Structure formats: structure tokens, C-alpha cells
Amino acid sequence: MSTVLDPPEDLLAGLRKSNFRPSRSRGQHFLNDSSIARRIVEAAGVTRHTPVLEIGPGTGALTRHLVNRARGVTAVEIDAELARALQTAYGGYDHLTIMNRDVLDLDLSELMNAYGDPGFVLVANLPYGITGPVLERLIDHRDKIRRAVLMVQHEVGGRLAAHPGTKAYGAVTAIMAYHYGVESLFRVGGDRFVPRPAVDSVVLRLTPHERPPVSVRDAGLLIVVIKAAFQHRRKMLHHAMNRLAPGSAGYLSDHTGINLKRRGETLDLNEFAALSNALCEYRDNREDET
Ligand code: SAM
């Protein structure tokens, strides 16, 4: 049965009485719209069978919906005052664990192993300052993640869901596309948060691919190729490829049909895969010759 918990605005009002001031450096912009919170939790597909990891529960805007649906919720909050207030307000739930920790210091593998297969759902209204490192961990631990529904700054969402040839398309877009299906679900205006942030946000759903969307001989090399292609994004690709393997550009273009006078930012994931496979072959051939 669902229980109605203290709304986040009451929690914040209580905290403010004891002089709590939201911290900008910790990205403390609290969601103040329960219909958006519900849409986020629905998008995460949380059921009685789903274990959930929430990063930064804050004043509980998402947590209060998650606890009523999930098998278990682990909510990791860096701010001791917020963690304490949440514990007081929601402490009656046996299946809710509030950890007062920096999520970046946690051994996620250990936490995730406790959930067993097929892993957990990650839900977060992410503080801007840790978006990059959290996305890296998402890639590192993708075998333990069923899906992630994340609210991020609009610009970051644009980069993750960008198409080749656009300004927003970058190494992170292609690398994420190799590991996850990325859906941009809906935009959330700055007026839906307290205090109001300078920019809008977007809600993304990331679902790990069951099988890689492209076939590559060496996934590590694919990432190296993608990063190299975007390192100097205004330069033609043959510079980047020759830097990776001197003299390889001619071979790569002959064996992939990709014109290396193009810029890296115009290549899609299939083309990056073709380049990295041809680079593998080129290196193998060189080794055979020596
Ligand atoms: N989930 C709440 C909501 O939607 O209203 C709060 C979201 S607020 C954007 C981000 C939350 O993450 C804050 O409560 C902040 O204290 C917390 N936070 C910031 N850095 C963190 C970190 N490294 N580890 C865990 N929590 C963090």
C-alpha cells in the first residue's frame, strides 16, 4: 500500500528553520514539482522487483515515490544535514537505506553485487558537478545496471543524444552510444526547482545494450580512436589516425572507404567501428612484417 510521505517542500522548510542554506557547489536545486517526480519514477520502470540506487536524494522529491514502488532503495547523499532530515522523515521504511556518503567514494561494484542479477535501476536528479564521473561509472558498471533515468543539465543531455555532424556531437556521444541506448524523454524548466538554477534540465533514459550495436575486434581501441578523432575536432581525420599509428591513414582509408579528409565529428558509430577494426588489422600486419 502506498504511503504519502512528507513533501520535499516541508522538509526544506524545516531545514531552513535550522539555518540550512542550499549549497551551489553541491548542485542543491531541489525538484519542486511532484508530477515531474512521478514521471521520472515511471520512466525508470520501477516495480516491486526492482532494486534502486538513487544518487543525491536531497529533500526526497524522488525518494518518496521510489520507496512506494521499489523492492529496495539505497539513497546516497553527501550532505549530512539532508541525510539526517531524510532519515528522520522516512526512517520507518526497512527497505530504504540512506547513506551519508560521497557517491564517488563508494565502491559501486560491492554495492551492486549485493543486488545480484540482473542488477539495479539508477535514478538521479544529478548535481552538475559530478555528472561526468557518474557517466564514467555508468559505463564501467553497465553489466549491473538495468537502466538509468537521470535528470541532467539540458546542454549535457543535448550532447549525449546528439547526431553526427552537429556541434553537440562529441566523443562522449559516440562512447555512450556504444554502451547504452540513449533516449531524451522531456525537458524540465528551471522554474521547477528551488532554488532556481540558471539553466533548464532534461530527463534521459539510458538502457545498456544487450549486445554491442557494432561489431569491434577491440572495444578499448574503439574508444581510443573515438577520443583521438575528437581531440582536434577542426582537423582532418588523417592527422589523428597518423598520430595513433604513423603511416596508417592510407591503409585505413583504402580498407574502410572512409575519406580521412573528413572531420571526426562527422563519423557515426559504424564508421568509428570500421576505422578501429582496420587499425587493428594494420597493426597486426605491421607486427607480422617485423
Ligand atoms: N533528488 C533531489 C531532487 O530531485 O530534488 C535533489 C537533487 S539535487 C540536484 C542533487 C543532490 O545531490 C543534492 O541533495 C546534493 O547534496 C547531492 N550530492 C551532490 N554531490 C553528491 C555526491 N558527490 N554524492 C552524493 N550526493 C551528492
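In each ligand, atom 1 is the first atom listed, and ligand 1 is the first ligand listed. Here the structure is a predicted model, which means the values were calculated and not measured.
- In summary, Asp218 and Arg283 do not engage in a salt bridge, as defined by a charged side-chain N under 4.0 Å from a carboxylate O.
- The shortest N or O to N or O distance between Leu82 and ligand 1 is not under 3.5 Å.
- Nearest-residue assignment for atom 25 (C) of ligand 1 (options Ile78, Leu106, Thr59, Leu12; heavy-atom criterion): Ile78.
- Exactly one of Val52, Leu66, Thr63 qualifies for a side chain to side chain contact (heavy atoms under 4.5 Å, CB included) with Leu96. That residue is Thr63.
- Judged by the shortest distance from any of its heavy atoms, Glu54 lies inside the 4.0 Å radius around the atoms of ligand 1.
- At the shortest separation from atom 4 (O) of ligand 1 among protein heavy atoms lies Asn125 ND2, 2.9 Å.
- Considering each of Glu77, Met151, Arg26, the one bringing a non-hydrogen atom nearest atom 16 (O) of ligand 1 is Glu77.
- Which parts of ligand 1 touch Val76 is read off a 4.0 Å heavy-atom cut-off, strictly below it: atoms 25 (C), 26 (N).
- Contact annotation: for Pro57 versus ligand 1, heavy atoms closer than 4.0 Å belong to the backbone alone.
- For the side chain to side chain contact (heavy atoms under 4.5 Å, CB included) test with Gln28, the passing option among Pro197, Pro127, Ser23 is Ser23; the others fail.
- Within the model, atoms CD1 of Ile223 and CZ of Phe272 stand 10.5 Å from one another, a figure rounded to the nearest 0.5 Å.
- Residue, atom and distance of the protein heavy atom nearest to atom 1 (N) of ligand 1 are Gly56 O, 2.8 Å.
- Without hydrogens or angle criteria, Asp200 side chain to His154 main chain gives no donor-acceptor distance under 3.5 Å.
- Here the CD1-CZ distance, from Ile98 to Arg84, works out to 12.0 Å after rounding to the nearest 0.5 Å.
- Shortest contact from atom 8 (S) of ligand 1 to any protein heavy atom: Gly27 O, 3.3 Å.
- Between the side chain of Ser248 and the main chain of Met241, a donor-acceptor pair closer than 3.5 Å is present.
- When only non-hydrogen protein atoms are considered, atom 5 (O) of ligand 1 lies nearest to Leu31 N, 2.8 Å.
- Val103 N, 2.9 Å is the protein heavy atom nearest to atom 24 (N) of ligand 1.
- Among protein heavy atoms, the minimum distance from atom 23 (N) of ligand 1 is reached at Asp102 OD1, 2.8 Å.
- When side chains are defined from C-beta on, Phe193 counts as touching Val188, because their heavy atoms get closer than 4.5 Å.
- Annotation for ligand 1: atoms under 4.0 Å from non-hydrogen atoms of Ala61 are 3 (C), 5 (O).
- Side-chain atoms of Arg205 never come within 3.5 Å of backbone atoms of Glu183 as a donor-acceptor pair (strictly under, hydrogens ignored).
- Residue contact check: Gln28 has heavy atoms under 4.0 Å from atoms 13 (C), 15 (C), 16 (O) of ligand 1.
- Near Arg101, the atoms of ligand 1 lying under 4.0 angstrom from a non-hydrogen atom of the residue are 24 (N), 25 (C).
- One finds a salt bridge joining Glu42 and Arg69 here, because a Lys/Arg side-chain nitrogen approaches an Asp/Glu carboxylate oxygen to under 4.0 Å.
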